[in-house]
Amino acid sequence: MSSYQNLKIILKRIHGKGYKAYKEIKGNYPFPDFILFIDHVQADPFASPSKIRIRVSQKKALFPKNTYTPKIRAIALADYLTRKFHDEASKSCSKKGTGKSGLILVDKCGQEVLERSSCKITSEYVEVRFYIGLPAKGRTILGQEAEYIFYNLLPKLVQKTLLYPNLNSKDLQAHITCIEDQSWLRSQLSKNNLVAFIANGAILPRESGISDKPLPTAIPFMSPPSLEVEFNLPNKGKIKGMGIKKGITLIVGGGFHGKSTLLKALEKGVYNHIPGDGREFVITTESAVKIRAEDGRSIIKTDISPFISNLPFNQDTTNFCTQNASGSTSQAANIIEAIESKTFLLLLDEDTCATNFMLRDTRMQELVDKKFEPITPFLDRIQELYKNFSISTILVLGGCGDYFDVADTVIMLRNYQVIDVTLKAKKVAKQIPLQRKSEKIVPFTTIRPKIPQKNCLQEFKKGKVKVKDIYTILINREKLDLTALEQLVAKEQTNAISYILKKLAHQISSNQSLISQIEKILEKINKEGLDILNLGNQHPGSLALPRKQEIFAALNRYRNLKIK
């Protein structure tokens, strides 16, 4: 480990030299208040910025133990510090020079609180992982500017963001306890026969289509009295709101009255949110999966026969394969794969579903005989999902009342206000009975797990894997499209998915199901942290923990996947 003054000597020596001379600064430097780790030096001012870590001893950082234990508090604290570091770095750094010169970059967190690798907290130290664009003019090193970053900007960032005595302890504590309360409440849902909870006063609408911040003029949520439940949170105390029970729940109402807004809030309710988001206490069971039609996706050896059977030309649907799925076959596969990933709640919006998958009405049944219709509508399977697999459904509907017969709860949105219309919906169902016939042919009782071939992920093991954006992973020249995975919220999650699939590729077993192997990796991450995905790199920044549902969904969309 070199003296921190040695870095200054090297920077003076290489000032004015070609950019590759920056390679000399790689190493560790013990500054008075922290240790600086320069793990990787970029080869060019236009390349990805250099990988940097700063580690502060707890003897200097002085974070009380109750701010990072138990684990949920450590996640909340790391989230808080990452946000602070990002905000201060954005204020202090200025782009001077060529390419990415002068930039100081760390994860930009959204409204959700995720387990990230950008900040690590232990009883011994606090460490933040980030990136610096080493300054250059053209491809000539600007040593003085680099010296200013390392010896002026970074020490100030440490003072402002990584030392507990210098932080707003009240604000920090509020952040931590808010996250802890959300996590605790999610753990109580199943015990109380619920799949979701929406607190009174929650703000569900977002600021705009491109902003995930709360809409300032939104009408606060208020539960119907018949659905109101109360919890006593560990920190906040008593909280009331609408509990959505296990079973089948319909969200109905006219267009533009808030149905889809409510469902979108529930989609993101699988994550904790920052204080002030408005959806802090919109809590959904953690395994919930948003299901939609996905024309064009690949499907590989999936048993979609509970929904699709008797296809023309005797095409096998118990082991269905296609590189260009239709709306109905894709939606069937999405549900089957969600079940295999061990979901206990499906979220659907009729606007993004295949119409023929959801329902065949009486007139269509009369016109097209069932022996010529391969699809068993979702309506005829929805109760089996709950009875046989304990999978609840929340479904947004605006134009079809046929689901009233199978619903346990029906709530109506009117001007963003919620009304319990369950009794009225049941009365309507009795007054106007259905004439349609159930189209079930065989019971829906089993799911066949996907077992991989030994070499099913060779491209991930040997090829070049790059995450382009939150919904795109490039494997060599092949695009893995994750656009339909609407519950992904950060590019860092997609980074982690690519790392997890790489890790899976190196230890794939042809004796276990894919989902069980993914679960084993996640169990190890839960015990040891995201750093285990490092694969030899000393700088595991820019990773955020995805759910197993998104990992499995990404794997299933990989067009070169080979399974038995």
Side-chain angles (χ1 to χ4, degrees), residues 189 193-206 215 218-229 241-270 278-279 281-285 288-293 331 334-335 338 343-355 357-359 377-379 381-383 385-386 391-429 486-487:
L189 290 178
N193 198 39
L194 301 175
V195 291
F197 172 85
I198 303 151
N200 292 339
I203 301 299
L204 307 187
R206 299 294 91 188
L215 179 68
I219 298 171
F221 182 90
M222 186 60 61
S223 173
S226 58
L227 300 177
E228 190 172 71
V229 296
M242 184 176 77
I244 299 180
K245 294 181 180 180
K246 294 178 180 179
I248 300 165
T249 299
L250 306 183
I251 302 174
V252 303
F256 309 101
H257 282 258
K259 302 188 302 298
S260 295
T261 298
L262 173 55
L263 190 74
K264 286 185 179 297
L266 291 171
E267 289 172 25
K268 302 298 174 62
V270 298
R279 301 169 297 182
F281 294 104
V282 178
I283 307 295
T284 309
T285 186
V289 175
K290 171 67 183 302
I291 298 293
R292 60 172 299 153
Q331 191 163 346
N334 289 345
I335 291 174
T343 184
F344 289 102
L345 176 62
L346 302 178
L347 305 171
L348 297 93
D349 188 329
E350 65 175 354
D351 286 349
T352 56
C353 291
T355 303
F357 181 83
M358 299 302 290
L359 174 72
F378 187 64
L379 174 60
R381 292 296 193 192
I382 192 169
Q383 288 183 310
L385 287 172
Y386 184 57
I391 297 173
S392 299
T393 299
I394 299 176
L395 171 60
V396 167
L397 288 170
C400 174
D402 287 11
Y403 278 83
F404 291 172
D405 288 289
V406 298
D408 298 302
T409 306
V410 184
I411 58 177
M412 178 181 286
L413 270 291
R414 185 181 294 162
N415 294 322
Y416 284 84
Q417 295 179 332
V418 182
I419 306 165
D420 181 1
V421 295
T422 304
L423 295 178
K424 187 175 181 180
K426 293 299 183 182
K427 184 178 179 181
V428 169
E486 298 177 55
Q487 289 168 284

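None of these values were measured; they are calculated from a predicted model.
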- Would a distance-only check, ignoring hydrogens and angles, find a side-chain to backbone donor-acceptor pair under 3.5 Å from Glu267 to Leu347? no
Going by heavy atoms in the side chains, are Gln331 and Ile291 under 4.5 Å from each other? yes
In this structure, CD1 of Ile419 is separated from CE of Met222 (nearest 0.5 Å) by 14.0 Å
Under 4.5 Å between any side-chain heavy atoms of Lys426 and Phe404, yes or no?
no
Within the supplied structure, the quantity of interest is the number of heavy atoms (other residues, nucleotides, ligands) at a distance under 6.0 Å from Lys264 NZ; does it exceed 12? no
Looking only at heavy atoms, the pair that brings Val195 and Lys246 closest together is CG1-CG, 3.8 Å
Can you confirm whether Ile391 sits close enough to Leu346 that some side-chain heavy atom of one is under 4.5 Å from a side-chain heavy atom of the other? yes
Can a donor-acceptor pair be found, under 3.5 Å and without considering hydrogens, that links the side chain of Lys290 to the backbone of Glu486? no
For Asp349 and Ser260 the tightest heavy-atom approach is OD2-OG, 2.6 Å
Can you find a pair of side-chain heavy atoms, one from Phe221 and one from Ile203, that are under 4.5 Å apart?
no
Practice task
State whether the side chain of Thr393 and the backbone N or O of Leu395 hold a donor-acceptor pair below 3.5 Å, judged by distance alone.
Solution key: no
Any donor-acceptor pair under 3.5 Å from Asn334 side chain to Arg292 backbone
yes
Of all heavy-atom pairs linking Val289 and Gln487, the shortest is CA-OE1, 3.4 Å
Tightest non-hydrogen contact, residues Pro205 and Tyr416, listed as CG-CE2, 3.8 Å
- Query: Are Asp402 and Leu379 side-chain neighbours, meaning at least one heavy-atom pair lies under 4.5 Å?
  - Reply: yes
Minimal heavy-atom distance between Leu397 and Glu350, with the atoms involved, is C-OE2, 3.4 Å
- Query: Under a 4.5 Å cut-off applied to non-hydrogen side-chain atoms, are Glu228 and Asn200 in contact?
  - Reply: yes
Quiz item: Can you find a side-chain donor-acceptor pair between Ser226 and Asp420 that sits under 3.5 Å?
Solution: yes
> Going by heavy atoms in the side chains, are Ile394 and Leu348 under 4.5 Å from each other?
Replying inline: no
Any Leu262 side-chain heavy atom under 4.5 Å of Ile411 side chain
yes
Q.
Tell me whether the rings of Phe378 and Phe357 are parallel (<30°), tilted (30 to 60°) or perpendicular (>60°).
A. parallel
